[in-house]
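Whatever order the structure lists them in is the order used to number ligands and atoms, beginning at 1.
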Amino acid sequence: MDCNPKSSSKIPSTFDYLIADLTRDVNRAQPRDALQFCANWFNTRLQEQRTRIRDIFEQGNPSPVSPHQRTRDDSRTSTTHIAHITPSSNSPARRPSNHSPFGTLEIPGNAAVNGDGAFLGPPPSALGRRVSVSAESLSPSSGPERPPPFFVKSPEQLKRLEEAIQDAFLFRKLDNKKRAAVLGAMKEMHFGPYEAVITQGDDGDYSIFPDHDAPTSSTSTAAGDWHPVYGKKVFAYTRGGTFGELALMYYAKRAATVVTTSPCTLWALDRVTFQTILLDISARTRRSYETFLASVPLLQSLNDAERAKLADVLQPREFADGEVVVHEGELGKEFYIVEEGEAEVLKKARNQQGLVVDEVVNKYKRGDYFGELALLHRTPRAATVRAISAPGQPNLKVAALDADAFTRLLGPLRDLMERSALAYTTTSSHIVSQ
Ligand SMILES: Nc1ncnc2c1ncn2[C@@H]1O[C@@H]2COP(=O)(O)O[C@H]2[C@H]1O
């Protein structure tokens, strides 16, 4: 059997990659009990994946119900009293558990998670409980036969949706095509005041992204500052806060109830799309970054673990022909590595007539980097870098690294970058950016 996902003509899925990795490890380890080895291997991979995703969430989008935050008094908590909340038609008092207000989307694999699955001894959840594992957890990749749902949206809806997700960490990893697929799969939902959007103890079926124009909603969970139906209020969401992802990531029960405090517009992303597109993409992005980074000359001296850390924090950006990535004279906040396409570097200079013109001083292609000077020296951008792509040629795609991660992860390469920068051409006609 050919287990190399790259040698097959179809697009390899996460499952293909997993089997290739497993085959490689089995060949290395030559286990006597192959079945036990495979069971342990998958279990370990599952735990690693959950841990990595949890870490990503905690870095980029801390959840109010993550274990170390649950008891913390958060300044974002609103002053709305939970005691005002009354059960709605969607509340647990009036409907059976597991009846989501979103209904069930008619897409394959969208059935509720089995509550007591014990397949392969699932890892404990982030909240310390054992969690169920559905068959989907081993193969989050949907493949072409399982397209995500698509909800038609007006330009006005799309604009609101874009605003709603602009701070959501996972979306930053999506390229334009995948982003469009996720936006299409998101469903607009309207809630009245004091309706339970998700209910503690239910299975997780949707991740929720509140509309930016929506008033706040609040979280409650049983204990303490008590409400007869919803229990204690532990957190309040303001605009831009997303919730409902924990149960989707860990196949755990809902860890808290989320109740609207006034009429709300929310965007719901179903569990299968969340996992197949978002989680799968973050794993794929990481994997393809690791391969790509190994080919970048600047990073040759980093080891695999260092490059893997870098792959975790890089964010894809795309620029059409003529779009500027960095402006000469501006403050620098990011560093860039070219993944695809081309860019040119322009510096302001005085021509013979004394007029200020942009002069091309450099060009970039795949594997090149730029934007290091402003971060290394804390100076304004020394030049403008803009995308160039002839008709039919790919747009410029870069992997961006923020200033903190640049210092932390590429600090050891400082000397190398300084030496390479000596080769930058600057003539007396160039105007020095201050
Ligand atoms: N001749 C050049 N002078 C200055 N910067 C250059 C030149 N050629 C390429 N660059 C890159 O252009 C980038 C602009 O942003 P930075 O100043 O942060 O870092 C700069 C370098 O990475």
In terms of residue, atom name and distance, what is the protein heavy atom nearest to [atom]?
| atom | result |
| --- | --- |
| atom 2 (C) of ligand 1 | Y424 CB, 3.5 Å |
| atom 14 (C) of ligand 1 | A383 O, 3.4 Å |
| atom 22 (O) of ligand 1 | E372 OE1, 2.5 Å |
| atom 8 (N) of ligand 1 | N362 ND2, 3.2 Å |
| atom 15 (O) of ligand 1 | R381 CD, 3.2 Å |
| atom 1 (N) of ligand 1 | T425 O, 3.0 Å |
| atom 17 (O) of ligand 1 | A382 N, 2.7 Å |

Does some non-hydrogen atom of G371 fall short of 4.0 Å from ligand 1?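 Checking ligand 1 against G371, which is what was asked, there is a heavy-atom contact under 4.0 Å.
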So is Y364 close enough to ligand 1, meaning a heavy atom under 4.0 angstrom away?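 So Y364 counts as touching ligand 1.
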What are the two closest heavy atoms between [X] and [Y], and how far apart are they?
| X | Y | answer |
| --- | --- | --- |
| V398 | Y336 | CG2-CD2, 3.8 Å |
| T273 | A185 | CG2-CB, 3.7 Å |
| K153 | G184 | NZ-O, 3.1 Å |

Are any of the N or O atoms of [X] closer than 3.5 Å to those of ligand 1?
| X | value |
| --- | --- |
| Y369 | no |
| A374 | yes |
| L375 | no |

Distance from L293 atom CG to L314 atom CG, nearest 0.5 Å?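 These two atoms lie 5.5 Å from each other.
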Would you mind telling me if ligand 1 is within reach of the side chain of [X], the backbone, both or neither, using heavy atoms under 4.0 Å?
| X | answer |
| --- | --- |
| V385 | side chain |
| L373 | both |
| K347 | side chain |

Within the side chain of T260, is there an N or O that forms a donor-acceptor pair under 3.5 Å with the backbone of F191?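 No; zero donor-acceptor contacts below 3.5 Å.
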Would you confirm whether R414, through its side chain, and L376, through its main-chain N or O, come within 3.5 Å as a donor-acceptor pair?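 Pair found, side chain donor or acceptor close to backbone of L376.
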Hey, could you give me each pair passing ring pair (Phe, Tyr, Trp, His ring centres under 6.0 Å) that has a residue in residues 390-425? Not counting sequence neighbours.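 Listed by first then second residue: F335-F406.
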Could you name each residue pair satisfying salt bridge (charged side-chain N to carboxylate O under 4.0 Å, His left out) that touches residues 288-305, not counting sequence neighbours?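 Qualifying pairs: R286-E290, D304-R307.
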Looking only at side chains, do E372 and H377 share a donor and an acceptor under 3.5 Å apart?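 The criterion, which ignores hydrogens and geometry beyond distance, is not satisfied for H377 and E372.
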Distance filter under 4.0 Å to F370 heavy atoms, resulting ligand 1 atoms: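 Answer, ordered by atom number: 22 (O).
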Is there a salt bridge (charged side-chain N to carboxylate O under 4.0 Å, His left out) between R160 and E188? Walk through the geometry before answering. CA-CA 10 Å; R160 276 191 290 112; E188 184 172 10; 3.0 Å; yes
